[in-house]
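Report on one structure; see the data block that follows.
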Amino acid sequence: MSRGVKDVDFLLEGLNPEQARAVKTTEGPLLILAGAGSGKTKTLTHRLAYILATNRATPFNILAVTFTNKASGEMRHRITELLGGSRGNRNLLPFMGTFHGICVRILRQDGQHIGIPRNFVIWDEVDRLAAIKQASRRLQIDEKKFPPRLLAALISGAKNEMVTPAEFSEIAGSPAEQTAAKVFPVYEDLLKENGALDFDDLIARTVELLTTQAPIRDKWQRQFKYVMIDEYQDTNAAQYQLVKLLTAAHHNIAVVGDDWQSIYSWRGADYRNILNFESDYEGATVIKLEQNYRSSANILEAAHNVISHNQNRSQKKLWTAAAPGIPVQILQVSSERAEAEAIVRRVRAAVDAGARDYRDFAVLYRTNAQSRAIEEAFVSYSLPYRIVGGVRFYERKEIKDVMAYLRLIYQPNDTVSFERVVNLPPRGIGRKSLEVFDSWRRGEGYDLLEAMTRVESCAALTTKARQGLSELADIIASFGSQIDNLTPEVLTERLLKKLDYFRHLIDGTPQGEARVENVKELLSVAAQYHDVGLGGFLEEVALVSDLDTINMKESGGASKATKDEDRPNAVTLMTLHSAKGLEFPAVFITGLEETVLPHSRALYDASELEEERRLMYVGMTRARTELYLIHAVGRGLHGGYTSNPPSRFLADIEDSRVATATDFGSPDSLQASDEPRYVLDLAEGEVVRHKIFGDGTVLTLEGETATIYFKGKGTKKLNIAFAPLEKL
DNA sequence: TCATTTAACGTTTTT
DNA sequence: CGTTAAATGA
């Protein structure tokens, strides 16, 4: 034992006393209240490594839950690093992943006990929405009165609270809730018919499994001797129950989180889970990590000023050994345009002076719509940027379409995927034909593939539709028979060829080319799943949907799809929500006005206002040394123009921490660059190509400002001295 | 069935 | 204002 203790000393080095105590507290319930920038991930990974290195458990007996695949990958990486190359074998790493990923593994193994097919497919938001639409149509519900999105949200909320359709129908109050109560069971039937589970089911049905099947529960409880949950403030009711079930036998549960950073309550997350931990788990140890290693004292104190105005929060006081640093800059500008230009000017000045790289900066906003003005300024002044979030890789139409084909091949009864691809490429099968086909199929009692194969005997369909459907049946059947012989990559490749899919995507526009590149990117992702087959590939794509994650996984793969847009040295633009967990040397928070941040929909609800304040807090604590808080006197909103007072959050900050300035700067100051100016020689009516917007026609030209119409993108006003344009 | 015009709408979104 | 989804015409 003495030798063992000596061996693990290195795992405590470089930790502060609280962090070290957290690492050494391996037994019993443990709550780590980890403030922003307090070394949370470091503590977590060291604790995991410590449990392993002291032989308290094998990797097999440890479960580590994170909220994102990125976080889980990061943890995996750091543990491997800590424990050295000799332990680099993947099998020696603990069971790590997201709640959803872990539930999938449990359900694949034991789901049959509650009637879940082993090869169930996972429906994402888009699939769920399509299914709800289908259910609404079946029930003749007016989609305008009760939008599918709203019904989906209500049903999802119910599932997260573990409310069954029957219970939901009893408690439904409002007309919308009553409608959702009608749709709910039909939607559940659709899931069952298609052998599918949605994201909420993954958690809820695992809870059901562990609740109703005692032997299975015992098995998993025995396996997971030590359980760790990250971002515990973001757990919902179902996840809370899942954790309870998994840890009931041994009580070795460590949760980490920060209620001050809870910003997803509108999605069912309940930060009271973290506040109630001590009463939920008897004999819990509580450790607060309050030393901040990230921000200057001015930034940290300013953030603290803001969060202090919340009533519902745990008590802690972050501190830092760092110097005060420069004050937080509160900047008043005239408009969203001026806001963007103020940012451009500061970024450019710092980069030109050699003080910073583009990648040191982040621009944060409350709503995605705010990114446009910023993007426009970045484009016209040629500053490199990348946007995090927005349209996700997996949600792109062309990707969803290919995936739907693959899913249909894998699971030929998936009617949702079927409807998606049945007329793609166009086979002359529209809504009418589909209706006819569906009622005929139901009448005959055929399943989907069977019906497609025997479609010739469906007299009510047009010849063209019959032809198209049997053609699709051939594709499904022939590729289906090869699932086990071909790798996902080859299968996908041949499918694309069979469909002549690239030709279908190319329409002469740069957007068309981007679609082709995206599908090629998907192909290169598929190449990584040789060993797990089509099923494994489909699963991974269902659970890992972010482009960044996919790029990360490639780890230096020969992807030529990554182009200028994701060049690493660029300013990062993203919502405040997406910024959680990240840090940057310099941060701009934009739109600090009433109705923007705090958002108008949160102004009259105390708890929503507190969440807005937490959002502000999250944003502020992303900054290491420079923090800019920008508010505009007025900004364009839905076509009109609105003028709003500065955000109340600005007034929360002590004067001693801030420097206030006004920046109504004229565009001229931006052009005072020593770069040689190369002004494109344009005339009205000429056709040009823009790096981002594609091909366009010059409508008007006034000095250096050209109004250009881009097909599919609308008209843009661009400064031809800076815009990345070329003549065609 | 499909492409184009018109109307409605306008937080955040780890999986 | 700019984008998206439904409604309309060919």
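Numbered from 1 within each chain, the chains take letters A, B, ... in sequence-line order. All values derive from a computational prediction rather than experimental measurement.
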> Within 45° of the ring axis of Phe649(A) and under 6.0 Å from its six-membered ring centre, is that where the NZ or CZ of Arg613(A) lies?
Replying inline: no
>> Taking the cut-offs as 6.0 angstrom to the six-membered ring centre and 45 degrees off its axis, would you call Arg635(A) and Tyr641(A) a cation-pi pair?
In response: no
State which of [options] makes the closest approach to the side chain of [X].
X         : options                   : result
Thr98(A)  : dT15(B), dG2(C), dT12(B)  : dT15(B)
Arg149(A) : dT13(B), dT11(B), dT15(B) : dT13(B)
Ser433(A) : dT1(B), dT13(B), dT11(B)  : dT1(B)
Trp266(A) : dT11(B), dT12(B), dG2(C)  : dT12(B)

Give the rounded distance in Å between these two atoms: [atom1] of [X] and [atom2] of [N].
X         : N       : atom1 : atom2 : answer
Asp230(A) : dT15(B) : CG    : P     : 13 Å
Glu336(A) : dG2(C)  : CD    : P     : 11 Å
Glu539(A) : dT15(B) : CD    : C1'   : 13 Å
Arg128(A) : dT13(B) : CZ    : P     : 16 Å
Leu637(A) : dT3(C)  : CG    : P     : 15 Å
Tyr641(A) : dC1(C)  : OH    : C1'   : 15 Å
Asp605(A) : dT11(B) : CG    : P     : 16 Å
Arg372(A) : dC1(C)  : CZ    : P     : 11 Å

Under 4.0 Å between a side-chain N/O of [X] and OP1 or OP2 of [N], yes or no?
X         : N       : result
Arg366(A) : dT11(B) : no
Ser578(A) : dT13(B) : yes
Asn368(A) : dG10(B) : no
Asn423(A) : dT1(B)  : no
His577(A) : dT12(B) : no

> Using 30° and 60° as the class limits, which term best fits the ring planes of Phe95(A) and Phe224(A): parallel, tilted or perpendicular?
Replying inline: perpendicular
Under 4.0 Å, counting only non-hydrogen atoms across every strand here, what does [X] touch: a base, just sugar-phosphate, or nothing?
X         : answer
Phe99(A)  : nothing
Glu612(A) : base
Asp234(A) : base
Ser600(A) : nothing

>> Pick the closest DNA chain B nucleotide for Lys580(A) and for Ala602(A) by heavy atoms, then say which residue is nearer the 5' end.
In response: Ala602(A)
>> Can you work out whether Glu611(A) or Leu434(A) has the more 5'-proximal nearest nucleotide on DNA chain B?
In response: Leu434(A)
> In this structure, which one of Ile429(A), Leu472(A), Leu434(A) forms a side-chain contact (heavy atoms from CB on, under 4.5 Å) with Asn423(A)?
Replying inline: Ile429(A)
> Will you find, in the side chains of Gln239(A) and Gln241(A), an N or O donor that is under 3.5 Å from an N or O acceptor?
Replying inline: no
> What about His100(A), does its side chain sit under 3.5 Å from the base of dT15(B) through a donor-acceptor pair?
Replying inline: yes
>> Regarding dT15(B), can its base be found pairing with the side chain of Arg267(A) as donor and acceptor, where the two atoms are less than 3.5 Å apart?
In response: yes
>> Between dA6(C) and dT11(B), how far apart are the two C1' atoms, rounded to whole Å?
In response: 24 Å
>> Syn or anti for dT11(B), given that syn means the glycosidic angle lies within 90° of 0?
In response: syn
> Tell me, do Asp401(A) and Tyr501(A) make a side-chain contact under 4.5 Å, heavy atoms counted?
Replying inline: yes
> Salt bridge between Arg407(A) and Asp127(A), side-chain N to carboxylate O under 4.0 Å?
Replying inline: yes
